[in-house]
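I have placed the structure first, in the form of structure tokens, so that the comments after it can refer back to it.
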Amino acid sequence: DVASPGGEMDATAVVGTLAVRPLAHGVPYYGIGVVDAGEAVNEELSLRFGVAEDQGKRNSMEDRCMCVVDMNSTMELYDGAPPQAYFGVYDGHNGDACSEMLARRLHVNLAKADGFEGDVPAAMVRAFMHTDRVFLRRQIEAERQNREEVAAAAAAGRPVPAEFKFSGSTAIAMLARREAIYQRYARDASTVGSGGGGSGSGGESDSEDEAAAEVDEGELPDSHYVEAVRLYVAHAGDCRAVLSHAGVAVDLTCDHKPSQRPDEVRRIEAAGGWVHNGRLHGVLAVSRAFGDAEHKSLKERFWEQSFTADPLIVEPDIRVHTVTPRDEFVVLACDGLWDVMTSQQVVNFVRRKLRDGGDAQRATEQLVQKALALNSVDNVSAFVVCLNQPGALPASRFGPGAGGLVPLPGGGGGGGGGSAAASSAPAAAAPARGGAGGGGGGGGKGRGGAAAAPTSRPSSTATSDSDVSGVVDDF
């Protein structure tokens, strides 16, 4: 806190039209204010977001994005379910078959997974692995049929069909949920390692459940718990989630790249695989992904050697973060963005656009176009999810109580006081289909191709297919 000229603590100083809350060390903190996001709002979670995609210089659009802004009403979840929203970015390679399936199925499988009500990290692991198994079965069957067609065509002297391509996809998924958190740990961020069982690097191993186990929870008064918005982030591959905490970039994920992860190289080699030029088997730039059966179920046939385990896995790393008052927004994006901008550069850019224009959708579109201007040669897809956003836009975006303006130290660990009314936002945002068709880059994470016109998609497109509520490959 800072003292006013009169000697008393000054809670809020007004500078021009901005309401400024001081940080503990006396430096004024300017938040992003309340942003406009049209109908892309979940008031119960105090979230507003924007989403944009662009094919860029690739021959085809292999990325997909998916948002279910109100899972409870859209997917008719169990009675008493807490407010929750889902965001996913899927970066396909060697075609869009895998990323397309993830956009239709991964959030559905998550909601149906065991543990979704009470153990989200475990449910996310189950959803990732189940969805991958289903896709691999379909991929292996399609490849078998292709081999039979090729053999039959060759025997009959007919033109031989094109060789089957194994598509795959990296993924990042974020579930935002309002929960009652044990107060001692209400502000902690913890990392759950692969499989949701242990603590990962860079995170705290304690959870609020372990802390509460030291006492008899039945005897705890309600004052020991606070309502807070928690972010559950699961990723496999090189899609990334970055949090802006008072303008400082905090990586919520660590890319699964053999070129940057010695631990992943050791795992691959222990399974019998190898890394060449920073790529799995000299082909894939990532060590975890959906699909790519030639590095999983069909690995012995394709690489003509024995393995002790799959060199390529889909088991995600999980990060659990409790939103605090100074958390401003989260950027979820594919590697087409992170190839040309650092995490801090992205936070600086988005923060400036949000404060200048106050429009989440426009800021997201500008971020994607900035990546292309910096010569990203990949598809670029991104979400900007703004946190601590009140339910109604005030006359001044930076007026007292506006989202992103930090309360004085000692404030609650929850979201920014959103309304408890049901969100009127659209059910989901479906992926765009940008650019001309054609084959994807070979070998995974391929590059090259003719430039295409930018294609940005508004975030209000709703899914209407039966995958949201249908029973297809359920748990």
Euclidean distance, Arg362 CZ relative to Gln369 CD, rounded to 0.5 Å: 10.5 Å
NZ/Lys257: more than 12 non-hydrogen atoms of other groups inside 6.0 Å: yes
Polar side chain donor-acceptor pair, Asp70 to Ser73, under 3.5 angstrom: yes
Donor-acceptor under 3.5 Å (Arg288 side chain, Asp255 main chain): no
CD1 on Ile32 to CZ on Phe329, rounded to 0.5 Å: 6.5 Å
Pairwise side-chain contact, Leu284 with His295, heavy-atom cut-off 4.5 Å (strictly under): yes
From Arg105 atom CZ to Met66 atom CE, the distance as rounded to the nearest 0.5 Å: 11.0 Å
Reported CG-to-CE distance for the pair Leu110 and Met124, which is rounded to 0.5 angstrom: 5.5 Å
Nearest-0.5 Å distance that lies between atom NE2 in His93 and atom SG in Cys98: 7.0 Å
Asn94 versus Ser167, side-chain donor and acceptor atoms under 3.5 Å: no
Sequence-distant partners of Lys296, side-chain contact (heavy atoms from CB on, under 4.5 Å), two or more places apart: Asp132, Leu136, Asp310, Leu312, Val314
Any side-chain heavy-atom pair of Arg240 and Cys334 under 4.5 Å: no
Nearest heavy atoms of Leu77 and Ala111, plus distance in Å: CD2-CB, 3.8 Å
Pair Glu141 + Arg138, salt bridge at N-O below 4.0 Å: no
Note, Cys65 side chain near Tyr90 side chain (heavy atom, < 4.5 Å): no
With Asn348 via side-chain contact (heavy atoms from CB on, under 4.5 Å) - residues at least two apart: Gln344
Steps toward side-chain contact (heavy atoms from CB on, under 4.5 Å) verdict (Asn109, Phe116): CA-CA 10 Å; Asn109 289 340; Phe116 180 67; over 6 Å; no
Close side-chain approach of Val346 to Leu337, heavy-atom, < 4.5 Å: yes
Exercise: identify the closest heavy-atom pair between Gly247 and Val347: O-CG1, 3.6 Å
Side-chain donor/acceptor of Thr74 to backbone N/O of Met71, under 3.5 Å: no
Backbone of Glu62 reached by a side-chain donor or acceptor of Asn379 within 3.5 Å: yes
Heavy-atom pair of closest approach, residues Pro311 and Leu280: CB-CD1, 3.8 Å
Any side-chain donor near an acceptor of the partner, Arg230 and Thr322, under 3.5 Å: yes
Any residue meeting salt bridge (Lys or Arg N to Asp or Glu O under 4.0 Å) with Arg266, in chain and number order, not counting sequence neighbours: none
Ion pair Asp378/Arg58, N-O distance below 4.0 Å: yes
Check: Asn42 side chain, Val69 main-chain N or O, donor-acceptor pair, under 3.5 Å: yes
Phe383 six-ring face occupied by Arg48 cation (under 6.0 Å, within 45°): no
Test item: Arg126 side-chain N/O and Asp114 main-chain N/O as donor-acceptor pair under 3.5 Å: yes
Sole candidate of Leu231, Val68, Val233, Val120 that passes side-chain contact (heavy atoms from CB on, under 4.5 Å) when paired with Leu175: Val120
Working for side-chain contact (heavy atoms from CB on, under 4.5 Å), residues Val229 and Leu387: CA-CA 9 Å; Val229 174; Leu387 310 170; 5.8 Å; no
Asp91 backbone acceptor or donor facing Ser169 side chain under 3.5 Å: yes
Shortest non-hydrogen contact from Gly56 toward Leu372: CA-CD2, 3.8 Å
Val134 vs Met101, side-chain contact (heavy atoms from CB on, under 4.5 Å): CA-CA, chis, key distance, verdict: CA-CA 10 Å; Val134 172; Met101 179 185 178; 3.6 Å; yes
Evaluation steps, ring pair (Phe, Tyr, Trp, His ring centres under 6.0 Å), between Phe290 and Phe135: CA-CA 8 Å; Phe290 287 86; Phe135 182 77; 8.5 Å; no
Stepwise side chain to side chain donor-acceptor pair (under 3.5 Å) check, Ser343 with Asp251: CA-CA 7 Å; Ser343 297; Asp251 287 342; 2.7 Å; yes
Heavy-atom donor-acceptor pair, Asn388 side chain to Asp327 backbone, under 3.5 Å: yes
4.5 Å side-chain heavy-atom contact, Asp292 and Glu294: yes
Minimum side-chain heavy-atom gap Asp63-Ser99 below 4.5 Å: no
Non-neighbouring partners of Pro83 that pass side-chain contact (heavy atoms from CB on, under 4.5 Å), sequence neighbours left out: Glu44, Leu45, Arg178
ring-ring contact (aromatic ring centres under 6.0 Å, His included) partners for His235, two or more places apart: His256
Positive for salt bridge (charged side-chain N to carboxylate O under 4.0 Å, His left out) with Glu328, one of Arg352, Arg355, Arg351: Arg351
For Leu298, side-chain contact (heavy atoms from CB on, under 4.5 Å) partners two or more places apart: Ile140, Glu143, Phe166, Ala293, Arg301, Phe302
Atom pair CD/CZ of Glu315 and Phe128 - distance to nearest 0.5 Å: 11.0 Å
Non-hydrogen atoms of Arg64 and Met61 that approach each other most closely: NH1-O, 3.2 Å
Closest contact, heavy atoms only, Val368 versus Ala382: CG2-CB, 4.3 Å
From CA spacing to verdict: side-chain contact (heavy atoms from CB on, under 4.5 Å), Lys353, Asp359: CA-CA 8 Å; Lys353 297 302 180 182; Asp359 188 320; over 6 Å; no
4.5 Å side-chain heavy-atom contact, Val34 and Gln389: yes
Residue pair Leu252 / Met174, side-chain heavy-atom distance below 4.5 Å: no
Ser376 side chain to Ala371 backbone, donor-acceptor under 3.5 Å: no
